[in-house]
Amino acid sequence: MDEDGVRTQDTQDTVVVFDTTLRDGEQSPGATLNVEEKLEIARQLSRLGVDICEAGFPIASPGDFEAVRRIAEEVGPLTEGRQTGQPMVIAGLARANREDIDRAYEAVKVAPRHRIHTFLATSDIHLKHKLKIDREECIQQIIDSVSYARTLCDDAEFSPEDAGRSDPEFLTVALGEAIKAGATTLNIPDTVGYTTPEEFGWLMDYLIENTPGADQVVWSVHCHDDLGLATANTLAGVKAGARQVEVTINGIGERAGNTSLEEIVMAIHTRPQVFDLHTNIDTGQITRTSRMVSAYTGMVVQPNKAIVGANAFAHEAGIHQDGMLKSHLTYEIMRPETVGLSASRLVLGKHSGRHAFRVRLQEMGYGDLTDREINLAFDRFKRLADKKKIVADADIEAIIADEIYQPPEIWHLNHIQVSCGDHSIPTATVSLTGPDGEIRQDAGVGSGPVDAVYK
Ligand code: KIV
Ligand code: ZN
């Protein structure tokens, strides 16, 4: 749309990915990142193919300003490793006032492609209790802030905060004014994660249908996960015509978090029959990005988290493992390699079957075991699996050593007796039967009880 080509990829079948890990994600309690960590994550987001990186809220603190400025300077120009061929747009968040907007612009302006993202609440709850202004004043502030942002920058996004609980009719008026004032993207946030997919899809449809000038902007969605519906709501918004999704890596964010990037991208990727859309994301970078964000923020990813959880491509049930060994199509809708993992994992535990156990033995180099030996080891494995959650390769090695590769006994230990204490010399008596059947016993002293036994 502008000379920098800021919105050239906003064609009807592309969903633009706006990542807010470094802004909304960093608002997660305890997820604070330092500047170097933010730079490293921004570089990885660029490699991942994120279209727009919301690098922070520059007015929030001098540290936030500096982080956004350095990302704009150091990561803004990068195209290396990006499949899109264009550098990432670097966005800075600003409340709807000149001071915030100036600060955001100062921080992002050095990036070849930059955006000011300004927001103002539109729900009656926020107008009355938080902002203490009426609807008229709200609209005036939207006009003033968006038009001011456009004097600085060609790319201006406006978000009516708490849109999910705002009067839809009032929203069409407020958003129509934002378009007239020059907004290029209108983002609809379900700030408190209140709506259901049906309601949110309806809202997006209604706004796109009824806002004057709706066809001049990119419509965007920004959902929070308070009811666990963020991904479903975002997809409902996309179905209704949104072509920008605001997301975070691992779904981190304020309270229960934001919509997770990996879930949206993989839903669009895996279900072309449903969405018939694409993103610019290099899905092979998803796992690496998720791990980096988890390590730097200290926010552990739950094992059953879709796409990036440790169990997302792990199979334990015997029936599932048997199916997977016959064809991955039986229990996998995505290949692990697609998200940058090397392979699916068959976890050996109490639900595992003989088939998976045999395959693991082969992988570990025990392909020559007889059926009788495998059965012996499998029985031992099942008994151990009842006590231990997961049986590791080292456990299997021990089982094989015990049950199968047991060297013939040459010396038999009859008994050991040790005596020690704080005022005595450690003394041991050992009795062994030798290969000739003769019993040998002796006593010794040492520096400790074990040493005494060996002596
Ligand atoms: O959740 C929200 O409303 C936001 C806005 C600033 C877009 O994060
Ligand atoms: Zn948010």
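For reference, positions follow the sequence shown, starting with 1. Whatever order the structure lists ligands and atoms in, that order sets their numbers, starting from 1. Hydrogens, waters and symmetry mates are skipped; everything else that's a heavy atom, side chains included, is used.
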Contact atoms of ligand 1, heavy-atom distance to [X] under 4.0 Å:
X: Asp24; value: 8 (O)
X: Ser159; value: 7 (C)
X: Pro189; value: 2 (C), 3 (O)
X: Glu161; value: 3 (O)

Between the side chains of [X] and [Y], is a donor N or O closer than 3.5 angstrom to an acceptor N or O?
X: Lys305; Y: Ser260; result: yes
X: Glu137; Y: Gln141; result: yes
X: His315; Y: Glu332; result: yes
X: Arg23; Y: Gln27; result: yes
X: Asn210; Y: Thr172; result: no

Thr191 and ligand 1 - part of the residue with a heavy-atom distance under 4.0 Å: both
Per-residue contact class, Arg23 against ligand 1 - non-hydrogen pairs under 4.0 Å: side chain
Geometric N/O contact His224 with ligand 1, under 3.5 angstrom: yes
Protein contact of atom 4 (C) of ligand 1 - nearest heavy atom, named by residue and atom, plus distance: His222 NE2, 3.5 Å
Side-chain heavy atoms of Lys239 within contact of Met204, under 4.5 Å: no
Heavy-atom gap Glu246 to ligand 1 smaller than 4.0 Å: no
The Zn ion (ligand 2) reached by Glu254 (N, O or S, under 2.8 Å): no
Within 6.0 angstrom of Glu209 CD, more than 12 heavy atoms from elsewhere: no
Where the Zn ion (ligand 2) is the vertex, angle from Asp24 OD2 to His222 NE2 to 10°: 90°
salt_bridge(Asp393, Arg360) N-O dist < 4.0 Å: yes
